[in-house]
Undergrad: 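Got a structure here, written out as structure tokens. Questions coming.
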Amino acid sequence: MPIPPQDIRIESQRLVMTPFRASDAQDAFGCISLSLTRFMAWEPAPDPASFAEVWREWLAQMSTGTDYVFTIRQRDGDEFLGLVGLHRATDDTPELGIWIRENRHGAGFGREAVAAVAQWGADILNIGRYIYPVAVANTSSQRIAESLGGVVVDRRNTPKFTSVVYEIRCGGHAGT
């Protein structure tokens with residue numbers, strides 16, 4: 001039985017993660033740019049209406065428990081920081097993904113959010129390990145995976161870039 005999105009709230013030392021809601025769309029859309037998505041498998045939506053098609057699909061997936069997209073907000077002040085995803089949550093090895101708004105890079109928010117969501121998945125969904133694909137050129141995101149005990153288990157070529165795939169096991173390394 002999927003967990004109702006309205007019942008999910010993940011907290012870490014500095015962050016609060018809640019399932020994406022329509023009211024988060026404007027904040028998220030305003031932070032997505034070509035430079036932000038250069039290391040992502042997807043391209044930015046050209047306009048708010050196109051982005052709405054994307055996030056409405058997220059809402060549908062969250063209602064079935066197959067995927068979760070969480071809005072990341074700073075605990076102090078409620079500033080929108082980005083999104084963290086737990087994709088294919090019912091697979092043997094779900095996938096984690098993250099993006100943080102560009103003007104907040106370098107503060108450790110990405111690592112903190114990924115660690116908190118990974119631990120939530122381990123505690124609530126009994127997930128034992130995750131994959132975390134990262135563009136080879138995205139050294140910041142590689143450091144997130146490595147700081148959580150991630151090890152490279154695969155290499156992939158996508159239309160945009162070559163990526164390495166980390167496996168992150170749950171346990172002592174996933175906590176915040």
Undergrad: With a sphere of 6.0 Å drawn around CG of Asp7, does it hold more than 12 non-hydrogen atoms of other residues, nucleotides or ligands?
TA: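 Counting neighbours around CG of Asp7, more than 12 heavy atoms of other residues, nucleotides or ligands fall under 6.0 Å, so yes.
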
Undergrad: Can you tell me if Thr37 uses its side chain to pair, donor with acceptor, with the backbone of Met40 under 3.5 Å?
TA: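 No; zero donor-acceptor contacts below 3.5 Å.
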
Undergrad: With a 4.5 Å heavy-atom cut-off, do Ile3 and Leu125 have their side chains touching?
TA: yes

Undergrad: CZ/Arg104 to CG/Leu81 distance, rounded to the nearest 0.5 angstrom?
TA: 6.0 Å

Undergrad: Is the closest side-chain heavy-atom distance between Leu59 and Arg21 below 4.5 Å?
TA: no

Undergrad: List the atom pairs, with distances to 0.1 Å, where a side-chain N or O of residues 50-58 and a protein N or O form a donor-acceptor pair under 3.5 Å, not counting sequence neighbours.
TA:
{"residue": "Ser50", "atom": "OG", "partner": "Asp47", "partner atom": "OD1", "Å": "3.0"}

Undergrad: Return the minimal non-hydrogen interatomic distance between Cys170 and Ile127, and the atom names on each side.
TA: SG-O, 3.2 Å

Undergrad: Search all heavy atoms of Met17 against all heavy atoms of Ile72 and return the closest pair with its distance.
TA: CG-CG1, 3.9 Å

Undergrad: Go through the steps for His87 and Val69 under the test side chain to side chain contact (heavy atoms under 4.5 Å, CB included), then give the verdict.
TA: CA-CA 8 Å; His87 307 291; Val69 176; 4.3 Å; yes

Undergrad: Looking at every non-hydrogen atom in both residues, tell me the closest pair between Ile168 and Gly150 and how far apart they are.
TA: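 It is CG1-CA, 3.9 Å.
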
Undergrad: Are any of the side-chain heavy atoms of Leu34 and Glu43 separated by less than 4.5 Å?
TA: yes

Undergrad: Does Asp76 have more than 12 heavy atoms from other residues, nucleotides or ligands lying within 6.0 Å of its CG?
TA: no

Undergrad: With side chains defined as the heavy atoms from C-beta onward, is the minimum distance between Tyr68 and Val84 less than 4.5 Å?
TA: no

Undergrad: Identify, with sequence neighbours excluded, every residue that meets side-chain contact (heavy atoms from CB on, under 4.5 Å) alongside Arg73.
TA: Asp24, Asp27, Thr71, Asp78, Phe80

Undergrad: For the pair Tyr130 (side chain) and Ala118 (backbone), establish whether a donor and an acceptor sit closer than 3.5 Å, ignoring hydrogens and angles.
TA: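 Checked: pair present.
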
Undergrad: Tell me every residue that passes side-chain contact (heavy atoms from CB on, under 4.5 Å) with Ser35, counting only those two or more places apart in sequence or in another chain.
TA: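 Per chain and number, Ser35 pairs via side-chain contact (heavy atoms from CB on, under 4.5 Å) with Ser33, Arg38, Glu102.
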
Undergrad: Counting N and O atoms only, with roles assigned by atom type, does the side chain of Gln142 sit under 3.5 Å from a partner on the main chain of Val136, one being a donor and the other an acceptor?
TA: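 Side chain of Gln142 to backbone of Val136, a donor-acceptor pair under 3.5 Å: yes, one is there.
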
Undergrad: Look at the side-chain heavy atoms of Ile, Leu, Val, Met, Phe, Trp and Tyr, link any pair under 4.5 Å apart, and say whether Phe70 and Val16 land in one connected group.
TA: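 In one cluster: no.
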
Undergrad: Check for a donor-acceptor pair, side chain of Arg75 on one end and backbone N or O of Ser12 on the other, with a separation under 3.5 Å.
TA: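 Answer holds: yes.
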
Undergrad: Tracing side-chain links under 4.5 Å among I, L, V, M, F, W and Y, which residues wind up in one group with Val165?
TA: Ile131, Val151, Val153

Undergrad: At what distance, to the nearest 0.5 angstrom, does NE2 of His105 lie from OG of Ser141?
TA: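 It comes to 9.5 Å.
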
Undergrad: Taking Glu167 for the side chain and Arg129 for the main chain, is one N or O donor matched with an acceptor at less than 3.5 Å?
TA: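 Not confirmed, Glu167 side chain does not pair with Arg129 backbone.
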
Undergrad: Rounded to the nearest 0.5 Å, what separation is found between the CZ atom of Arg169 and the CG atom of Leu148?
TA: 14.5 Å

Undergrad: Going from CD on Glu146 to CZ on Arg111, what distance comes out if it is rounded to the nearest 0.5 angstrom?
TA: 12.0 Å

Undergrad: Do you know which two heavy atoms are closest between Ile8 and Pro19, and how far apart they sit?
TA: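 Of all heavy-atom pairs spanning Ile8 and Pro19, the closest is O-CD, 3.3 Å.
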
Undergrad: Quick one, Ile144 and Tyr132 - any side-chain contact, counting heavy atoms below 4.5 Å?
TA: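 Of all side-chain heavy-atom pairs linking Tyr132 with Ile144, at least one is under 4.5 Å.
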
Undergrad: Other than Phe161, what residues sit in its cluster of Ile, Leu, Val, Met, Phe, Trp and Tyr side chains whose heavy atoms are under 4.5 Å apart, directly or through others?
TA: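 None; Phe161 is a cluster of one.
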
Undergrad: Check side-chain contact (heavy atoms from CB on, under 4.5 Å) between Ser140 and all other residues, then give those that pass, not counting sequence neighbours.
TA: Asn138, Arg143

Undergrad: For the atom pair CG (Leu96) and OG1 (Thr93), what is the distance rounded to the nearest 0.5 Å?
TA: 11.0 Å

Undergrad: Does atom CD of Gln26 have more than 12 heavy-atom neighbours, drawn from other residues, nucleotides or ligands, at distances under 6.0 Å?
TA: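 Not buried by this count: 12 neighbours or fewer within 6.0 Å.
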
Undergrad: Ignoring hydrogens, what is the shortest heavy-atom contact between Leu86 and Pro94? Give both atom names and the distance.
TA: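 So the two residues come closest at CD1-CB, 3.7 Å.
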
Undergrad: What's the shortest heavy-atom distance between Phe20 and Met62, and which atoms?
TA: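 Minimum heavy-atom separation between Phe20 and Met62: O-CE, 3.5 Å.
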
Undergrad: If hydrophobic clusters are built from ILVMFWY residues whose side chains come within less than 4.5 Å, do Ile98 and Ile32 share one?
TA: yes

